[in-house]
Amino acid sequence: FLPRSRMPLYPWIMHFFFDPAKPLKEMANTYIRLNVAISVCCLAAIFFMLRRPLGAWLSALVILAVGMRVFMFKAALIQPEILFYTLYFGLFLLMLCYLKRPSWRLALGGGVLAGAVHLTKGSALPMIAIFVALAFVKAFLDVIGSPAAQERKKLLRELLRPLGFVGAF
């Protein structure tokens with residue numbers, strides 16, 4: 001029995017710790033320890049993602065809440081959810097930054113992160129599609145307010161940025 005949304009990133013990480021000489025129960029313990037280590041790294045990553053917008057104190061409180069309510073129960077399971085939740089949250093924050101202040105750097109970084117999220121679990125495609133549509137609408141609305149002489153060049157440049165996101169994906 002295989003889950004439908006199985007994607008290759010999490011098994012790829014796990015394969016580095018596979019030892020065919022070990023019994024199955026011992027390998028399961030190794031994978032559980034690895035998943036706990038991934039959980040701790042993901043909590044640290046979420047803290048650093050939230051530190052700038054929320055501050056250190058509030059970020060620490062969020063980490064405690066997320067760690068105790070979500071990660072603690074998922075850490076003992078050999079499943080990609082914790083890695084997926086972290087990457088998905090990072091992608092969401094990056095998409096918000098892009099919509100606020102679009103740039104090629106954010107577009108390409110977001111595309112690479114979207115690819116990693118999709119390779120972790122195939123559930124992110126609807127959000128990515130909605131984001132690309134919103135980015136095109138925002139670019140089009142930004143161009144409508146620009147002067148007519150430079151409108152074509154700016155339209156092309158603004159509409160190509162979301163394509164950078166998709167291209168990196």
Side-chain angles (χ1 to χ4, degrees), residues 3-16 34-35 37-63 65-67 70-71 74 79-169:
R4 286 188 212 143
S5 64
R6 170 141 326 159
M7 296 301 275
L9 184 65
Y10 191 74
W12 179 75
I13 293 171
M14 293 299 201
H15 99 277
F16 289 110
L34 177 64
N35 208 35
I38 288 173
S39 300
V40 170
C41 292
C42 288
L43 284 170
I46 292 171
F47 174 79
F48 287 115
M49 285 187 260
L50 290 176
R51 193 174 62 175
R52 187 188 311 166
L54 297 181
W57 179 247
L58 194 53
S59 297
L61 291 176
V62 169
I63 292 305
V66 169
V70 179
F71 280 37
K74 299 275 186 188
Q79 295 178 348
E81 271 74 16
I82 291 176
L83 184 61
F84 174 73
Y85 295 155
T86 304
L87 293 174
Y88 196 84
F89 181 66
L91 179 63
F92 177 75
L93 290 178
L94 205 104
M95 288 176 172
L96 287 179
C97 288
Y98 179 86
L99 289 175
K100 191 176 187 181
R101 195 177 50 254
S103 72
W104 281 103
R105 185 174 154 217
L106 287 174
L108 295 175
V112 169
L113 188 57
V117 169
H118 180 66
L119 287 175
T120 304
K121 195 168 180 185
S123 306
L125 286 179
M127 183 183 80
I128 294 168
I130 290 169
F131 166 74
V132 170
L134 284 175
F136 274 119
V137 168
K138 182 186 181 317
F140 184 73
L141 292 176
D142 286 347
V143 169
I144 288 176
S146 69
Q150 297 179 352
E151 192 169 316
R152 284 189 214 147
K153 288 181 184 178
K154 188 172 181 184
L155 176 65
L156 182 63
R157 192 172 53 243
E158 291 295 322
L159 289 178
L160 283 177
R161 267 197 208 126
L163 289 179
F165 186 92
V166 174
F169 173 67

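Just so we're clear, the structure is a prediction, and the values are computed from it rather than from any experiment.
- How far CD1 of I13 is from OG1 of T120: 7.0 Å, rounded to the nearest 0.5 Å.
- Across all non-hydrogen atoms, the minimal contact from A56 to F47 is O-CE1, 3.5 Å.
- In this structure, the separation between CZ on F89 and CZ on F84 is 13.5 Å, given to the nearest 0.5 Å.
- The heavy-atom pair separating A124 from V117 by the smallest distance is CB-CG1, 3.4 Å.
- The minimum heavy-atom distance between I63 and L43, with the atom names listed, is CD1-O, 3.2 Å.
- With a 4.5 Å cut-off on side-chain heavy atoms, M95 and I128 count as touching.
- Within a 6.0 Å radius of CZ in F92, other residues, nucleotides and ligands contribute 12 heavy atoms or fewer.
- Within the structure, the side-chain hydrogen bond (donor to acceptor under 3.5 Å, both in side chains) test picks out the following pairs touching residues 125-140 (sequence neighbours left out): K138-D142.
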Evaluate the criterion side chain to side chain contact (heavy atoms under 4.5 Å, CB included) for residue pair T86 and M49; output intermediate values, then yes/no.
-> CA-CA 10 Å; T86 304; M49 285 187 260; 3.9 Å; yes
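- With values rounded to the nearest 0.5 angstrom, I46 atom CD1 is found 9.5 Å from L87 atom CG.
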Taking it one step at a time, do V40 and F71 satisfy side chain to side chain contact (heavy atoms under 4.5 Å, CB included)?
-> CA-CA 9 Å; V40 170; F71 280 37; over 6 Å; no
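- Between S123 and P126 the shortest heavy-atom distance is O-CD, 3.7 Å.
- When every heavy atom of S39 is checked against every heavy atom of I82, the shortest pair comes out as OG-CD1, 2.9 Å.
- Annotation: the span from L119 atom CG to M7 atom CE amounts to 5.5 Å, rounded to 0.5 Å.
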Please assess K74 against N35 for the test side chain to side chain contact (heavy atoms under 4.5 Å, CB included), listing each intermediate value before the final yes or no.
-> CA-CA 9 Å; K74 299 275 186 188; N35 208 35; 5.9 Å; no
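- Rounded to the nearest 0.5 Å, atoms CZ (R105) and SG (C97) are 10.5 Å apart.
- For Y85, the side-chain hydrogen bond (donor to acceptor under 3.5 Å, both in side chains) criterion is met by no residue, not counting sequence neighbours.
- Listed by chain and number, the residues in a ring-ring contact (aromatic ring centres under 6.0 Å, His included) with F16 are W12 (sequence neighbours excluded).
- Separation of atoms NE2 (H118) and OH (Y88) is listed at 13.0 Å; rounding is to 0.5 Å.
- Scanning both residues, L91 and L113, for their nearest heavy atoms gives N-CD2, 3.4 Å.
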